[in-house]
Every structure is written in structure tokens, then in C-alpha cells.
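Right, one structure below, let's go through it.
When a ligand or atom number is given, it counts from 1 through the structure's own listing order. Along the sequence shown, the residues carry numbers beginning at 1.
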Amino acid sequence: MYELKVGVIGTGAIGRTHIQRLTNQVTGARVTAVSDINQEIAQKIASEYDAKYYEQGEDLIEDPDVEAVVICSWDPTHEKYVLAAIRAGKFVFCEKPLAETAEGCRHIVDAEIASGKHLVQVGFMRRFDMGYRSMKAQLSSGKFGAPLMAHCVHRNATANAQYETKVNVTGTAIHEIDIMRWLMDDDIVAAKIVQPRVSKYVAQGQKDPQIIVLQTASGAIIDVETFMHCQYGYDIQCEIVGEEGTLRLADPTQLSIRRGGKCSFDILQDWRYRFADAYHVEFQSWVDHTKKGIVDGPNAWDGYAAIAVSDACLKSRDTGKWEPVIMDTIPEFYQK
Ligand code: NAP
């Protein structure tokens with residue numbers, strides 16, 4: 001079977017899981033090259049997977065042995081690598097965020113439109129999760145009426161030492177922002193951040209947890225709690241309240257235990273386990289569609305729309321007020 005030749009930029013935590021996934025789980029693809037600023041790890045990965053190592057991501061993108069690119073490097077590098085992939089006319093899967101600001105995403109959108117071809121997919125893997133997909137199917141059936149409210153929770157056990165308050169939005173709540181736009185089929189038009197008391201586990205000068213409140217164009221209100229230092233595990237919750245009923249994600253569990261007067265189940269410890277199936281479906285779909293020359297998942301416009309909301313959230317943190325989401329009208333190129 002023809003195998004899509006993939007180059008991966010960024011061999012950190014998620015880069016390594018994607019390389020492993022593309023090699024051992026997903027069918028029809030092969031990792032032919034890797035790149036990372038951390039040479040030692042990247043060279044080790046390259047020899048383990050029989051792939052080439054490039055010091056510079058741009059050189060990997062130019063390699064004729066790389067047909068499609070996966071970007072898993074540090075957030076501030078995403079924009080330049082996606083632009084380089086578009087210039088090379090190659091399909092590119094970029095982990096979220098597509099760029100750190102709406103302006104950066106707009107550069108990508110403009111470059112993709114100018115290239116005349118859809119090339120970019122963004123790593124919003126929740127759209128491939130069975131729980132969220134079932135919610136979407138139920139909402140689309142009309143049985144629940146219009147969605148009025150949503151309550152979301154995004155908790156991580158601990159964050160790394162480089163944790164910065166803004167990542168609570170650009171790297172964390174960005175998933176809720178995208179999935180809510182997709183589930184409700186509604187753009188988000190305004191955002192406000194409410195800051196509770198800061199946890200003692202948070203580094204000096206940083207803030208966590210936070211509550212984000214979002215308003216959609218049709219008037220629905222979404223609240224999102226993000227808490228990066230909750231200590232007990234990785235906990236994703238979502239409930240949508242419609243006019244005629246509610247939809248709630250079930251807790252992901254294979255086993256519940258009844259013993260000693262208690263009913264319990266394990267809480268997963270990080271995103272790798274919670275969304276393992278979603279990442280698999282996401283990558284199989286990306287490989288299959290890339291081979292057909294199609295972008296079928298969340299596109300550059302979705303990446304732009306999510307970060308435009310993130311910009312409004314970050315502004316609200318400074319002003320303490322509701323901030324409008326400043327976003328251009330969707331170009332014809334992205335209309336479905
Ligand atoms: P990580 O473990 O810190 O890995 C990032 C890697 O990028 C590191 O090896 C880093 O090297 C490298 N890097 C830094 N600058 C680079 C450059 N200029 N060129 C190439 N590589 C560079 O972080 P991670 O958790 O894997 O996250 C990577 C990306 O994936 C982030 O954008 C993150 O938002 C995203 N992500 C998405 C999900 C999801 O659920 N979809 C989950 C996790 C992460 P050093 O270690 O030397 O700095």
C-alpha cells in the first residue's frame with residue numbers, strides 16, 4: 001500500500017506520541033524525517049524510527065521525501081512552520097494553537113487562500129472523540145431544541161515549571177472554544193474572564209484557576225473552568241443545556257468498583273490517555289484525506305476563529321470587562 005511520507009517538527013511529549021501513532025497504529029503513513037531544537041532527543045528518535053534528522057524545520061519541509069508535515073513544536077514556532085509548508089505546497093497538520101494571535105492566524109489564512117489550495121488542518125482532536133461526536137449528533141437531531149448554556153471543566157493535575165497564565169487560554173481553553181463553536185454551530189462573539197483566588201500550587205506571579213464566560217452570536221452562554229494545578233488528575237467535563245433536555249459527557253472509564261460501601265473509578269492522569277482514541281481517529285482521517293488531496297478536519301479558519309476568541313479572553317483579563325471577539329467575515333474559500 002502507498003504510504004504517505006510524513007515529516008514531524010517537534011519531538012517533545014506530543015510529537016513523540018504522534019510519531020509512535022503514525023508508525024504503529026495509523027495505517028498508510030510513514031515518518032521519514034524529524035526535527036527539533038533539542039538535537040539529542042530528536043536524533044535518538046530519528047535513529048529509532050529510521051527517519052532523517054533535520055536541525056532546521058524549514059529544511060525538513062523542503063525535503064522531497066516529506067510529502068506532508070506535522071507540527072508539534074513550541075507554540076511560538078507554529079506560524080512560521082505552517083507558512084513554510086504552504087509555500088512548499090505541502091499538506092500540514094499543526095497542533096493547536098495554529099498561531100499565538102489572530103493576526104498570526106490571519107497570515108496563514110491569507111497565505112492558504114493565495115495558494116489556492118486547502119492544505120492546513122489544526123489539532124483540535126476533540127472533534128474526533130466519540131463522546132463529543134455523540135453530543136453533536138444529538139444536538140443536530142433537533143431533539144434538544146436550541147442550546148442555551150454550556151458548562152465546561154478542563155483540569156490538569158499539574159503544569160510544568162514554564163507555566164504562564166496566558167496558556168490557560170491559548171493552550172488549554174482553546175480546546176473548549178473550538179469544540180463549543182463546532183457543537184453549537186455558532187460563532188463566539190464576546191468573552192470575559194473571572195479570576196478566583198489563586199491556588200497555592202501556582203508559581204509566583206501566575207494565576208490559576210480561572211473561569212471564562214463566552215457568549216455566542218445566537219445568545220447562548222458558555223462557562224469554562226480551567227484549572228491547571230488541580231492535583232488529582234486530568235478531568236474534562238462538558239454539559240450542554242438545551243430547551244428540551246441536557247447532554248453531558250460521561251466520565252471515561254473501563255471499570256467501576258463497588259467495594260466497602262463505596263463506588264469508585266480511576267481518574268485518568270493526562271491528555272494522552274483521555275484522548276488516545278480521538279488522536280488515533282484524527283490521524284487516520286488526516287492521512288486518508290491527505291492522500292486524496294483533501295482537508296476534512298478543522299481548518300485554518302477554525303484555528304483563526306478559536307484564537308480570535310482567545311485574544312478577547314486575554315484582553316478581558318487586563319480590562320476586567322466583557323470584550324468583543326474581533327474577527328473578519330469568513331472568506332468564500334472556507335464556506336462549506
Ligand atoms: P514539549 O514537550 O515542550 O515539546 C515541544 C518541543 O518543541 C520540545 O522538544 C522543544 O524543544 C521543541 N521546540 C522548541 N522550539 C523549537 C523550534 N524552534 N523548532 C523545533 N522544535 C522546537 O511540548 P508538547 O506538550 O509536546 O507540546 C507541543 C505542542 O503540541 C504545543 O504547541 C502544544 O500546545 C501542543 N499540544 C497539543 C495537545 C492536544 O491535546 N492537541 C496536547 C499537548 C500539546 P525544547 O524541549 O528544547 O524546548
**Prompt:** So which heavy atom in the protein is nearest atom 40 (O) of ligand 1, and how far is it from that ligand atom?
**Reply:** Y279 OH, 2.6 Å
**Request:** For atom 3 (O) of ligand 1, state whether the nearest protein heavy atom is under 4.0 Å away.
**Result:** no
**Request:** Keeping to residues at least two apart or across chains, list the ring pair (Phe, Tyr, Trp, His ring centres under 6.0 Å) pairs with something in residues 244-263.
**Result:** none
**Which segment of Y54 sits under 4.0 Å of ligand 1 when only heavy atoms are counted** = neither
**Asked** What part of W74, side chain, backbone, both or neither, has a heavy atom within less than 4.0 angstrom of ligand 1?
**Response** both
**Prompt:** Honestly, is K291 close enough over Y2, meaning NZ or CZ under 6.0 Å from the six-membered ring centre and within 45° of the axis?
**Reply:** yes
**Message:** Under 4.0 Å, heavy-atom basis, I'd like to know which part of A13 is in contact with ligand 1: side chain, backbone, both or neither.
**Reply:** both
**Request:** Can you tell me which residue pairs pass the ring pair (Phe, Tyr, Trp, His ring centres under 6.0 Å) test with a partner in residues 13-36, sequence neighbours excluded?
**Result:** H18-Y279, H18-F283
**Fill in**
Note: ligand 1 atoms sitting under 4.0 Å from heavy atoms of G123 are 41 (N)
**Prompt:** From atom 23 (O) of ligand 1, is the closest protein heavy-atom distance below 4.0 Å?
**Reply:** no
**Prompt:** Is the number of heavy atoms from other residues, nucleotides or ligands within 6.0 Å of CG (D63) greater than 12?
**Reply:** yes
**Request:** Examine the proximity of ligand 1 to H175 and report which part, side chain or backbone, both or neither, has a heavy atom under 4.0 Å away.
**Result:** side chain
**Request:** Around atom 31 (C) of ligand 1, find the nearest protein heavy atom and jot down its residue, atom name and distance.
**Result:** D75 OD1, 3.2 Å
**Request:** Find all atoms of ligand 1 within a distance of less than 4.0 Å from any non-hydrogen atom belonging to E95, and give their numbers and elements.
**Result:** 30 (O), 35 (C), 37 (C), 38 (C), 39 (C), 41 (N)
